[in-house]
**Student:** 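I'd like to ask you about the structure that follows.
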Amino acid sequence: MASPTSLLKRLLIGRPFKSDRMQHTLLPKRIALPVFASDALSSVAYAPDEILMTLSVGGAAFYAYSPWIALCVVVVMLTVVASYRQNVHAYPSGGGDYEVATVNLGPRFGLVVASALLVDYVLTVAVSVSSGVENLGSAWGFAGQHKVEVAVVVIAILTAMNLRGIREAGTAFAIPTYAFMFAIYLLIGWGFVRILVLGNHLVAPSAGLSVKPEHVLISNGVPAFKPPKSRNAATTLLMLGLIAVTMLVGIVTLTRLTQLKMVEPGHPLPKGYTQQPVLPQLAQAVFGSFHPAFYLVIATTALILVLAANTAFNGFPVLGSILAQDRYLPRQLHTRGDRLAFSNGILFLAIFACVLIVAFNAQTTRLIQLYIVGVFVSFTLSQSGMLRHWNRLLRTERDPASRRRMIRSRAINGFGAVMTGSVLILVVVTKFLAGAWISIAAMAVIYLVMVGIHRHYEHVARELTPTEERQMLPARNHTIVLVSKVHLPTLRALAYAQGTRPDTLTAVTVNVDDADTRHIQQEWEDRHIPVPLTIVDSPYREITRPIIDYVKSVRRESPRDVVTVFIPEYVVGKWWENLLHNQSALRLKGRLLFEPGVMVVSVPWQLASSQRKNLSRLDQARWPARGPRGEAPGLAPEPEPEPEAAVPQ
């Protein structure tokens, strides 16, 4: 029967998949679009708010610039989309910006990009979930009062869904993403029909809000796709860009037509007025008394903000796996879980995102200041790497048609590098003290950690490289069996040690109590055990240090000799039983493992509780049940009839 933990795991993430089902986890475009689009589309939900709040600093007159600001955002978005279409064609393996920067700019720039992306993925989850919970809180008071708790629960749900596998997560997220697209296009389309065709005069709830200027300056994952991977990824990227651009332009245009206003937090508001986000205001103005459409917009907006975190759940584990394969992160991140997802990477991302949410109290306005730096660091270095990529290919390419395509791609990536680099400089200058420095510091720490991990793995690899000297057999093998009592685990350890046929074999016990030591000596003689018993004195009743000193003294006589220490240990069936046994053995192993030329062998003895837990063990009837009082069960010269086992102290 499976344990409760195993049953819970199967319930949450399902039955494990065989490795040959890897192809079944790949995504067609109809599912890949919502999986990878939720992050970009979620910006449509809060970008208009940020545009209008920034313009409100200059007063109501500055809202006239909103179409031009939106146009600049559209240019940046289209530039990024066009640039990354070149990336996915050139590097379809899934390394993304990290692979581009490493191959073309060198490992150091690749690590800078990797550290930026890791920070960005964690912040994507934290910002998206926090923003979604804040929107949800406007309709559900409990979420507004317990933002941190609700955000952590949401991340736990997203984690469980992604642990089930990318395809199942994509299928689950496809419906709300497509519903959000439908709701926004319905809002934009019906709004334009009412204003431009029916001639209705639509007014947003904030149209009459008085906004005064302030005295400040205004300036202040590809492997988941089905083959052909690169073409499908590029097509999905283009579709995503066009959808996001049309949504953003339509929403900003409606805000101008309905005279919608948004102000910075802290700006004085009329008594009793509560500022709502842009989309709820537009939905109220466009749909009026038709409440189902209004609630559809609100629900899908809140949901898409939460699901935007799913993009990071797909990107972070893949990048972590690639970095682990390159020995920059722990190897555990390279391992796929039961459902062929990179489970460890998913769990790491969830934990770090929860830490950020708790640390910043799930406040989007504080988290978003950290968010944009990592994005544009990776954008800029990636596009710079693509410039070198095309230059390298153009030096050897002679086909005119291929050269024209490469020159066009180089021009697109060059424009993208200039555009994203300019935005990065602007962001660092204007947002450094507002929180961008935290992202920069986090990137630096992650960079140094990855360098340290890589240095460790390289050092270990050099040490483990076989050499002629290390292939030589040891001169002699001295075997030591540790004895605490003359009971059946000790007898098994002695028998096993004898079976290895060492050059010398000695049993060692530590004298911490004279009476116990005399009892061990007497029983040793009575049983006629053909192994010499060595007694090591311990005036201060310590066990570990005397044994370590004895082992060192044995090996000191000949450095080419090997000392093998056999330690009898109990295997228990319940977690709390571990607290009652094997503590001395754990301390000894921890010390002996650091001694050169010393081998440690654990000789397990399964207690009855462990045998009941594992029914595949040998029949308990084959083993004597109990020795004399105070002894553990096991092999004895004379089997005892009692069925219960005595637990050694």
Side-chain angles (χ1 to χ4, degrees), residues 12-13 27 31-47 116-137 143 147-181 221 224 240 244 299-320 341-372 374-375 378 439:
L12 291 176
I13 68 175
L27 303 178
I31 295 180
L33 178 63
V35 168
F36 295 97
S38 54
D39 183 26
L41 295 183
S42 68
S43 63
V44 175
Y46 55 75
L117 287 173
L118 292 175
V119 171
D120 178 54
Y121 282 134
V122 175
L123 285 168
T124 295
V125 177
V127 170
S128 300
V129 172
S130 298
S131 179
V133 172
E134 285 182 356
N135 278 265
L136 184 63
K147 290 191 298 183
V148 174
E149 293 84 351
V150 174
V152 171
V153 170
V154 168
I155 291 178
I157 295 173
L158 290 174
T159 302
M161 295 181 70
N162 279 276
L163 287 175
R164 293 186 68 89
I166 184 173
R167 188 181 183 94
E168 291 198 18
T171 304
F173 296 154
I175 296 175
T177 303
Y178 282 125
F180 174 75
M181 296 180 192
L240 167 60
T300 55
T301 300
L303 195 55
I304 198 67
L305 285 167
V306 173
L307 297 186
N310 189 61
T311 303
F313 275 102
N314 287 292
F316 183 98
V318 174
L319 177 60
F342 295 108
S343 304
N344 292 330
I346 292 172
L347 293 174
F348 267 90
L349 174 62
I351 291 170
F352 291 142
C354 288
V355 169
L356 273 181
I357 285 176
V358 173
F360 288 88
N361 201 30
Q363 295 182 9
T364 307
T365 53
R366 295 176 61 191
L367 287 167
I368 208 167
Q369 307 298 331
L370 288 65
Y371 179 59
I372 199 169
V375 176
S378 59
S439 289

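These numbers come from the heavy atoms of this one structure, side chains and all, not from hydrogens, waters or symmetry mates. Remember, it's a predicted structure, so these values are computed and weren't measured experimentally.
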**Student:** Do you know which two heavy atoms are closest between Ala309 and Ser128, and how far apart they sit?
**Tutor:** N-CB, 3.8 Å
**Student:** Grab the two heavy atoms, one from Ala143 and one from Val150, that are nearest each other, plus how far apart they are.
**Tutor:** CA-CG2, 4.0 Å
**Student:** Leu303: what forms a side-chain contact (heavy atoms from CB on, under 4.5 Å) with it, not counting sequence neighbours?
**Tutor:** Pro176, Leu307
**Student:** Can you give me the closest heavy-atom contact between Thr159 and Ala350, atom names plus distance?
**Tutor:** OG1-CB, 3.2 Å
**Student:** Just so I know, are the side chains of Val125 and Leu158 near enough to count as touching, which here means a heavy-atom distance under 4.5 Å?
**Tutor:** no
**Student:** What's the shortest heavy-atom distance between Asn361 and Lys147, and which atoms?
**Tutor:** O-CE, 4.1 Å
**Student:** Would you indicate whether the side-chain heavy atoms of Ile157 and Met161 approach each other to under 4.5 Å?
**Tutor:** yes
**Student:** Return the set of residues passing side-chain contact (heavy atoms from CB on, under 4.5 Å) with Phe360 (not counting sequence neighbours), or none when no residue passes.
**Tutor:** Leu356, Arg366, Leu367, Leu370, Ile438
**Student:** I'd like to check the side-chain contact (heavy atoms from CB on, under 4.5 Å) partners of Ala116; sequence neighbours left out, ordered by chain and number.
**Tutor:** Val377, Met443
**Student:** If we check side-chain contact (heavy atoms from CB on, under 4.5 Å) with Leu349, which of these qualifies: Val122, Asn162, Leu118?
**Tutor:** Val122
**Student:** Any idea which heavy atoms bring Ile357 and Val148 closest together, and the distance?
**Tutor:** O-CG2, 4.2 Å
**Student:** Supply the atom-to-atom distance Leu347 CG to Ile351 CD1, rounded to the nearest 0.5 angstrom.
**Tutor:** 6.0 Å
**Student:** Write down the atom of Gly374, the atom of Asp120, and the distance for their closest heavy-atom approach.
**Tutor:** C-CB, 4.5 Å
**Student:** Do Tyr121 and Phe352 touch side chain to side chain, with heavy atoms closer than 4.5 Å?
**Tutor:** no
**Student:** How far does CD1 of Ile304 sit from CE of Met181, to the nearest 0.5 angstrom?
**Tutor:** 7.0 Å
**Student:** Within the 4.5 Å heavy-atom criterion, are Leu123 and Ser439 side-chain neighbours or not?
**Tutor:** yes
